Amino acid sequence: MKKILVINGPNLNLLGEREVEIYGKTSLEDIESETIKFAKINKIDVEFKQSNEESEIINWIQSCMKNNYKGLLINAGAYTHTSIAIMDALKAIENIPIIEVHLSNIHQREEFRKKSYISEVADGVIFGFGAHSYILAIMAIENLLKKKNG
């Protein structure tokens, strides 16, 4: 079974409670449950992680190289727009697809949210579809793996 790591950054643990007009009422736990359900149907093992700490996120990214992950889905939250360190860690990963995810349409929001350091190294970006963005990202990783493996 293919293994995909899903990393969630700062404040995503508050989904469903904070700024519901932007992010909706769905909690991160609900997103995790629905994503895992979809992945299992498609014979994919998904591991979810969330941290408010940049160093922990970097360690998880680096772990992709030795833990046989076949793909990485990352919603780095605000670190998307600020963290060159996370971008550098993502650059170090070779041979696995990286999909950047955002619940909201970042191009309809504040100007600073339009710049993503992660987009510079990700294979693709999915945003604006709320909780469904995670399932779309799993589908995108699956598609990239099929292309890679012929």
Side-chain angles (χ1 to χ4, degrees), residues 1-90 93 96-110 112-145:
M1 190 177 296
K2 289 177 225 114
K3 202 161 86 169
I4 295 175
L5 179 60
V6 179
I7 296 175
N8 293 282
N11 298 311
L12 291 168
N13 56 308
L14 298 176
L15 285 176
E17 301 171 28
R18 76 180 260 270
E19 297 180 278
V20 293
E21 68 281 358
I22 295 171
Y23 301 113
K25 295 181 180 178
T26 306
S27 70
L28 186 59
E29 292 80 13
D30 293 338
I31 292 171
E32 179 178 352
S33 175
E34 287 301 310
T35 304
I36 288 172
K37 189 184 313 178
F38 174 81
K40 280 185 180 178
I41 291 168
N42 291 282
K43 297 179 174 55
I44 300 169
D45 182 24
V46 176
E47 183 178 352
F48 261 73
K49 296 182 179 281
Q50 187 279 327
S51 180
N52 295 321
E53 298 178 25
E54 186 178 31
S55 62
E56 191 165 29
I57 292 168
I58 291 167
N59 289 334
W60 290 334
I61 292 167
Q62 292 174 359
S63 78
C64 287
M65 294 186 282
K66 56 186 167 217
N67 288 327
N68 202 29
Y69 291 108
K70 299 299 182 195
L72 173 63
L73 184 165
I74 183 165
N75 182 346
Y79 287 139
T80 299
H81 320 290
T82 63
S83 181
I84 294 169
I86 288 175
M87 179 186 72
D88 285 346
L90 291 167
I93 298 174
I96 71 164
I98 300 167
I99 303 295
E100 175 184 355
V101 172
H102 299 282
L103 298 169
S104 66
N105 181 340
I106 58 175
H107 294 289
Q108 292 179 339
R109 300 197 50 209
E110 303 92 339
F112 71 88
R113 293 188 195 276
K114 295 175 185 174
K115 168 65 177 165
S116 167
Y117 287 104
I118 293 171
S119 293
E120 295 182 31
V121 295
D123 293 291
V125 181
I126 297 174
F127 58 86
F129 296 99
H132 194 64
S133 297
Y134 285 75
I135 290 173
L136 293 171
I138 297 293
M139 293 169 68
I141 288 172
E142 182 73 358
N143 186 51
L144 290 170
L145 289 171

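As the structure is a prediction and not an experimental result, all values here were calculated from the model. We use all heavy atoms of the structure for the numbers below, so side chains are in, but hydrogens, waters and symmetry mates are not.
Of the possible polar contacts, one joining the Ser133 side chain to the Gly130 backbone as a donor-acceptor pair under 3.5 Å is found. Formation of a donor-acceptor pair under 3.5 Å by the Ser33 side chain with backbone atoms of Asp30 is not found in this model. A side-chain donor-acceptor contact under 3.5 Å links Lys3 to the backbone of Asn67.
One finds the CZ atom of Phe38 at 7.0 Å from the CD1 atom of Ile44 (value rounded to the nearest 0.5 Å). In this structure, the separation between CD1 on Ile96 and CD1 on Ile141 is 8.0 Å, given to the nearest 0.5 Å. Note that the CG atom of Asp123 and the CG atom of Leu90 stand 10.0 Å from one another [nearest 0.5 Å]. Summarising the geometry, atom CG belonging to Leu145 is positioned 6.5 Å from atom CD1 belonging to Ile4; distances are rounded to the nearest 0.5 Å. Distance check: Ser27 OG to Leu14 CG gives 11.0 Å after rounding to the nearest 0.5 Å. Considering CD of Glu100 and CG of Leu72, their distance stands at 11.0 Å, rounded to 0.5 Å.
The shortest distance between side-chain heavy atoms of Thr26 and Leu103 does not fall below 4.5 Å. Contact of the Leu144 side chain with the Ile99 side chain is registered, since non-hydrogen atoms from C-beta on lie closer than 4.5 Å. Proximity of Tyr134 to Leu73: side-chain heavy atoms (C-beta onward) are separated by under 4.5 Å at one or more points. Tyr79 has its side chain out of reach of Ile74: every pair of non-hydrogen atoms, C-beta onward, lies at least 4.5 Å apart.
Contact check on Glu56 versus Lys49 returns no salt bridge, with no Lys/Arg side-chain nitrogen under 4.0 Å from an Asp/Glu carboxylate oxygen. Residues Lys115 and Glu120 are paired through a salt bridge, judged by an N-O separation under 4.0 Å between the basic side chain and the carboxylate.
Pro97 and Lys70 get closest at one heavy-atom pair: CD-O, 3.0 Å. For the residue pair Ser83 and Ile86, the shortest heavy atom distance occurs at OG-N, 2.9 Å. Closest approach of Ile57 to Gly9, counting heavy atoms only: CD1-CA, 3.7 Å. Between Gly77 and Leu12, the shortest heavy-atom contact is N-CD1, 4.3 Å. Considering every non-hydrogen atom in both Ala76 and Pro10, the closest pair reads O-CD, 3.3 Å. Closest approach of Ile31 to Ala131, counting heavy atoms only: CG1-CB, 3.6 Å.
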* To do: Kindly determine whether Glu47 and Tyr69 satisfy side-chain hydrogen bond (donor to acceptor under 3.5 Å, both in side chains), including the steps that lead there.
  => CA-CA 10 Å; Glu47 183 178 352; Tyr69 291 108; 2.6 Å; yes

* Asked: Between Gln50 and Asn52, does a side-chain hydrogen bond (donor to acceptor under 3.5 Å, both in side chains) hold up when you go through it step by step?
  -> CA-CA 7 Å; Gln50 187 279 327; Asn52 295 321; 3.1 Å; yes

* To do: Would you please test Asn75 and His102 for side chain to side chain contact (heavy atoms under 4.5 Å, CB included) and show each step?
  => CA-CA 6 Å; Asn75 182 346; His102 299 282; 3.9 Å; yes

* To do: Could you go through the side-chain hydrogen bond (donor to acceptor under 3.5 Å, both in side chains) check for Lys40 and Asn42 one step at a time?
  => CA-CA 5 Å; Lys40 280 185 180 178; Asn42 291 282; over 6 Å; no

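The 12-atom threshold is not exceeded at CZ of Phe129, counting heavy atoms of other residues, nucleotides or ligands nearer than 6.0 Å.
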